[in-house]
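I have placed the structure first, in the form of structure tokens, so that the comments after it can refer back to it.
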Protein chains: 2
Amino acid sequence: MRSDAAFNRQRVLIAGARLLSEQGVEATLNDVAHAAGVGVATVYRNFPNRDALLDALFQAKLDQLIELADHAAGIGDAPAAFDTYLYSVMEAHATDRGVVPVLMRANQSARFAEELAAQLGPRVQPLIVSAQAAGSLRDGFTIQDLCLLSAMVGSVADLTRDTQPALWERYAQMLIDGTRPPA
Amino acid sequence: MRSDAAFNRQRVLIAGARLLSEQGVEATLNDVAHAAGVGVATVYRNFPNRDALLDALFQAKLDQLIELADHAAGIGDAPAAFDTYLYSVMEAHATDRGVVPVLMRANQSARFAEELAAQLGPRVQPLIVSAQAAGSLRDGFTIQDLCLLSAMVGSVADLTRDTQPALWERYAQMLIDGTRPPA
DNA sequence: CACGAAGCGGATGTGGAACTCCGCTTCCGG
DNA sequence: CCGGAAGCGGAGTTCCACATCCGCTTCGTG
């Protein structure tokens with residue numbers, strides 16, 4: 001691969017990630033190409049179609065969540081570690097319009113679901129188990145719950161972004177409260 | 001207005017409501033026209049554009065929520081009345097893909113926000129106040145909370161409809177638990 | 001019943017976004 | 001330093017949904 005081509009591919013990925021965060025999946029490939037400072041054809045040369053680009057960005061988002069999990073795993077206190085992780089994922093959903101649609105493709109594509117489970121599961125499951133053992137998390141709580149609770153926060157953030165950009169935090173807190181074991 | 005024209009208008013509204021429930025705002029006017037058994041032009045003769053049709057359907061959805069509120073108001077027990085209302089609104093969001101986008105236009109249009117507040121507020125506020133007085137609902141809970149909690153359930157239902165159509169109930173229950181006063 | 005206005009349906013126009021084609025430019029091994 | 005392969009940009013094509021136009025049909029009044 002020629003060096004300039006590799007450089008352009010990076011530019012497309014970076015611009016794509018930025019536009020995805022800001023505008024969600026609505027962003028057009030024309031916009032991405034323009035933002036990256038390349039022509040549309042260059043985008044299509046690297047990614048056969050729109051979905052292929054999204055696939056590539058999916059892995060980047062996944063890496064981001066993995067990093068959050070690894071950071072939380074470094075916290076000694078089990079309840080705090082879990083809470084920190086859950087909150088940071090919620091924050092990612094709320095502030096990055098690309099996370100929800102990209103990750104939620106897992107519901108539609110077995111390949112995505114597997115990759116998600118394989119890469120994220122081993123890191124997150126211990127957080128859940130430890131928090132349950134410490135009594136700060138209700139039994140029966142699953143990774144899927146974590147994904148969907150975060151998606152819920154994301155949807156609130158989407159609806160209120162224009163008028164009350166910080167409101168999602170209220171609901172994030174409410175949901176975190178809801179993860180405690182029933183009294 | 002000619003009788004056949006009035007009849008066709010009704011057919012469009014009914015078909016529009018059905019498609020909105022099933023497919024959400026994605027439904028095309030062509031589909032609506034076909035489902036109603038009329039031509040596209042007939043739809044446009046009654047509603048100058050797509051938004052005008054959605055406006056008309058908005059009022060229908062609103063009536064539906066009002067009916068739910070009136071039904072709940074008939075329940076003597078204040079906590080049960082509020083819970084019933086909240087759950088039934090959540091159910092409406094989860095099973096009718098049209099409710100979220102139609103109602104959430106209130107966030108963008110002052111007119112909708114006013115109409116919503118004017119028609120729904122006086123019915124729902126008493127439910128909230130009574131439940132709070134009875135100690136089953138936390139202080140600071142607002143109508144907006146009710147709308148957004150329901151929207152959250154709707155978003156979960158959207159994401160899981162294909163694979164686990166009843167999963168939204170789990171989160172509905174979780175959120176209702178979250179409306180109790182903190183221990 | 002007859003006639004004109006009101007209403008009708010679908011062919012057509014318009015616009016925006018995904019995707020392709022092609023003539024020009026840039027890279028890089030010999 | 002040069003030839004050609006690899007890469008490039010953007011004009012053009014296709015597709016789909018919204019919206020309009022127009023010749024034909026139906027209603028309902030006199």
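We name chains A, B, ... by the order of the sequence lines, and we start the count at 1 in each one.
Between A/Phe112 and A/Phe58, the ring planes are tilted. Angles from 30° to 60° get that label.
At least one side-chain heavy atom of A/Arg138 sits under 4.5 Å from a side-chain heavy atom of B/Met174. Residues B/Asp51 and B/Leu54 are in side-chain contact: their nearest non-hydrogen atoms beyond the backbone lie under 4.5 Å apart. In this structure the side chain of B/Arg50 reaches within 4.5 angstrom of the side chain of B/Val25, judged on heavy atoms. Side-chain contact between B/Leu68 and B/Thr84 is absent, with no heavy atoms from C-beta onward closer than 4.5 Å.
The shortest non-hydrogen separation linking B/Ala56 to B/Phe47 is CB-CE2, 3.8 Å. Between A/Ile75 and A/Ala80, the closest heavy-atom pair is CG2-CB, 4.2 Å. For B/Ala27 against B/Leu19, the heavy-atom pair with the smallest separation is CB-CB, 4.1 Å.
Around the CD atom of B/Glu22, the shell of radius 6.0 Å holds more than 12 heavy atoms that belong to other residues, nucleotides or ligands.
Pairs passing the salt bridge (Lys or Arg N to Asp or Glu O under 4.0 Å) check and including a residue from residues 124-137 of chain A, sequence neighbours excluded, do not occur.
Between B/Arg11 and B/Asp4 there is no salt bridge, since no side-chain nitrogen of the basic residue lies less than 4.0 Å from a carboxylate oxygen of the acidic one.
Annotation: the span from B/Asp55 atom CG to B/Glu115 atom CD amounts to 9.0 Å, rounded to 0.5 Å. Atom CG of B/Leu57 is separated from atom CG of B/Leu20 by 6.0 Å, given to the nearest 0.5 angstrom.
Under the 4.5 Å side-chain heavy-atom criterion for Ile, Leu, Val, Met, Phe, Trp and Tyr, A/Ile176 and B/Leu148 are members of the same hydrophobic cluster.
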Given B/Tyr87 and B/Asp83, is the side-chain contact (heavy atoms from CB on, under 4.5 Å) satisfied, shown in steps? CA-CA 6 Å; B/Tyr87 186 82; B/Asp83 285 0; over 6 Å; no

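Each end of the helix from C/dC1-D/dG30 to C/dG30-D/dC1 gets its own axis from five base pairs, and the two axes differ in direction by 0°, given to 10 degrees.
Taking the 5' to 3' direction, DNA chain C first and last meets chain A under 4.0 angstrom from a heavy atom at C/dA17 to C/dC28.
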Short heteroatom pairs, N/O only, protein and nucleotides 3-6 of chain D, under 3.5 Å:
{"from": "D/dA6", "atom 1": "N3", "to": "A/Arg2", "atom 2": "NH1", "distance (Å)": "2.6"}

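Within residues 46-53 of chain A, no residue has any heavy atom under 4.0 Å from DNA chain D. Residues from residues 10-36 of chain B lying near DNA chain D, meaning a heavy-atom separation below 4.0 Å, are B/Thr28, B/Leu29 in numerical order.
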